[in-house]
J.: 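Let me begin by handing over the structure; questions about it come next.
Atom set for the values below is all heavy atoms of this structure, side chains included, hydrogens, waters and symmetry mates excluded. Reminder, nothing fancy here: chain letters follow the sequence lines and each chain counts from 1.
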Amino acid sequence: MKIGFEIDPKEYKGPFNLDLTINSGQTSQPAWLMKDGYFQELLRFDNKLCLIKIQQENVEGTLNIEAETEADLELESIRTKLMDIFSLNDDLNDFYDFLRKDSELKPTIDFCSGLRLFKAHDPFECIISSISSANCSIIRWNRSIRDIKSKWGEEYNSNSNSWYTFPSPDILKNVPEHDLEEMDRCETNLPDDHSFEKNLKSCGVGYRAKFMIKTAEIVQNQINIDAIHKMSYNNAFETMLDLPGVGPKVADCILFYGFGFKEAFPVDVWIGRIVSEMYFQGKEIKPLKAREFGMKKFANRAGYVQLYMFHYARKSGLLDRIRQLNKS
DNA sequence: GCCCAGGTCTCCG
DNA sequence: CGGAGACCTGGG
């Protein structure tokens, strides 16, 4: 079954730039695949798979969506899900009014018009990919997530292309950590030169493999994803910190990108340096101090400010200047 | 071959 | 509580 529909700019407040939103390097989810002029991703609704293709003909124009599914899905639930993923219910005009009142932030608007929070479609995937992103390059953890999906995810075929979901906590918690464990669990005798590739370390996640398996176990047994949504930010933050491999930066990313907590202000080394340049005359500021500063100053807009700060720094040359400073 | 980047964990004071 | 060093891997 194929459903085609549109989302009109009148349905949301302020600008939206799909390409910018998907490709601005927001952590915690690999960018959607670009193919035949459409961004594409396999989504899960309850237990139904649905391949989404989405395009925007011109910047800030109408969105064209094609949804392909073998299940019986309501158009409205697909529309609602996409509105959520691309944060189309956020009022960017209101946010820009706020930015204009801060002389440091005002210039970010020109570089980021239509940039919105790109939310994860699966909170558990977001938790695991955030763990894999810690102390790791973007290309590397993107590849890891793709590997994990193709090894243990559910397969969906469309036009001879294979798509995979991210495996559930129940599946991931039982995955072998490394090749030795995979070999031990193997029932049959294999040739001496057999390479063991269905284990987490073979996905290039390194020492994070055991964190991920343990986290999957805890999420499966002790965490209710819906309950997180209803928690206060601080409670949700503390809950995330209890997961192995999750420190303050990763917890903030999970809460912002995975759960949509707008008061999160995730601070990596770059945001730390940007904050220090923009607000502390280049004086070094510790990550937790920068986090505290951002949360206090920007309150429920902290996540968006972090998004805009980083993209602005990249495009304006600020980031290059900071790089130079750190070399000398 | 060597060194570096990048958050979290662990250990030590 | 804060600081120092180890951790896996890919890229320069």
J.: Within this structure, what is the CD1-CG distance for the pair A:I22 and A:L18, rounded to the nearest 0.5 Å?
T.: 4.0 Å
J.: Which distance, rounded to the nearest 0.5 Å, do you find between the CG of A:L105 and the CZ of A:R301?
T.: 11.0 Å
J.: Show every side chain to side chain donor-acceptor pair (under 3.5 Å) that has at least one partner inside residues 309-322 of chain A, sequence neighbours left out.
T.: A:D320-A:R323
J.: What is the distance from CZ of A:F237 to C1' of B:dT8, rounded to the nearest Å?
T.: 13 Å
J.: Tell me which pairs pass ring pair (Phe, Tyr, Trp, His ring centres under 6.0 Å) where either residue lies in residues 33-91 of chain A, with sequence neighbours left out.
T.: A:F16-A:F86, A:W32-A:F86, A:F86-A:F118
J.: Parallel, tilted or perpendicular, judged at 30° and 60°: which one describes the rings of A:F259 and A:F261?
T.: tilted
J.: Output one letter per nucleotide in nucleotides 3-12 of chain C: B when a protein non-hydrogen atom lies under 4.0 Å from the base, S when only the sugar-phosphate is that close, - when neither is.
T.: S---BBBSS-
J.: Sort and list the pairs that fulfil salt bridge (charged side-chain N to carboxylate O under 4.0 Å, His left out) and have at least one residue in residues 195-223 of chain A, not counting sequence neighbours.
T.: A:E177-A:K210, A:K214-A:E217
J.: At a cut-off of 3.5 Å, list every protein nitrogen or oxygen paired with a nitrogen or oxygen from nucleotides 9-13 of chain B, distance to 0.1 Å.
T.:
unit_1 : atom_1 : unit_2 : atom_2 : d
B:dC9  : OP1    : A:G245 : N      : 2.7
B:dC9  : OP1    : A:V246 : N      : 3.4

J.: Polar atom pairs between nucleotides 1-3 of chain B and protein, under 3.5 Å, N or O only, would you list them?
T.:
none

J.: Under 3.5 Å, which donor-acceptor pairs link side chains of residues 289-299 of chain A to any protein atom two or more places apart or in another chain?
T.:
unit_1 : atom_1 : unit_2 : atom_2 : d
A:R291 : NE     : A:D252 : OD2    : 2.7
A:R291 : NH2    : A:Y233 : OH     : 3.3
A:R291 : NH2    : A:D252 : OD1    : 3.4

J.: Report the hydrophobic cluster partners of A:L288, with the cluster defined as I, L, V, M, F, W, Y residues connected by side-chain heavy atoms closer than 4.5 angstrom, directly or transitively.
T.: none
J.: Side-chain heavy atoms under 4.5 Å apart, restricted to Ile/Leu/Val/Met/Phe/Trp/Tyr: what other residues fall into the cluster of A:W163, or is it alone?
T.: A:L33, A:L42, A:L49, A:L51, A:Y156
J.: Once you round it to whole Å, what is the distance between P of B:dT8 and CG of A:D242?
T.: 14 Å
J.: At what distance, to the nearest 0.5 angstrom, does CG of A:D122 lie from CG of A:L43?
T.: 10.0 Å
J.: Return each pair, listed once, that meets ring pair (Phe, Tyr, Trp, His ring centres under 6.0 Å) where at least one residue sits in residues 63-82 of chain A; pairs must be two or more places apart or across chains.
T.: none
J.: Heavy-atom contacts under 4.0 Å between residues 261-274 of chain A and DNA chain B, which residues?
T.: A:D268, A:V269, A:W270
J.: So does A:D90 pair up with A:K262, basic N to acidic O under 4.0 Å?
T.: yes
J.: Enumerate, atom names and distances included, each donor-acceptor pair closer than 3.5 Å involving a side-chain atom of residues 164-176 of chain A, sequence neighbours excluded.
T.:
unit_1 : atom_1 : unit_2 : atom_2 : d
A:T165 : OG1    : A:R44  : NH2    : 3.4
A:T165 : OG1    : A:E154 : N      : 2.9
A:S168 : OG     : A:I171 : N      : 3.4
A:D170 : OD1    : A:K173 : NZ     : 2.9
A:N174 : ND2    : A:D170 : O      : 3.0

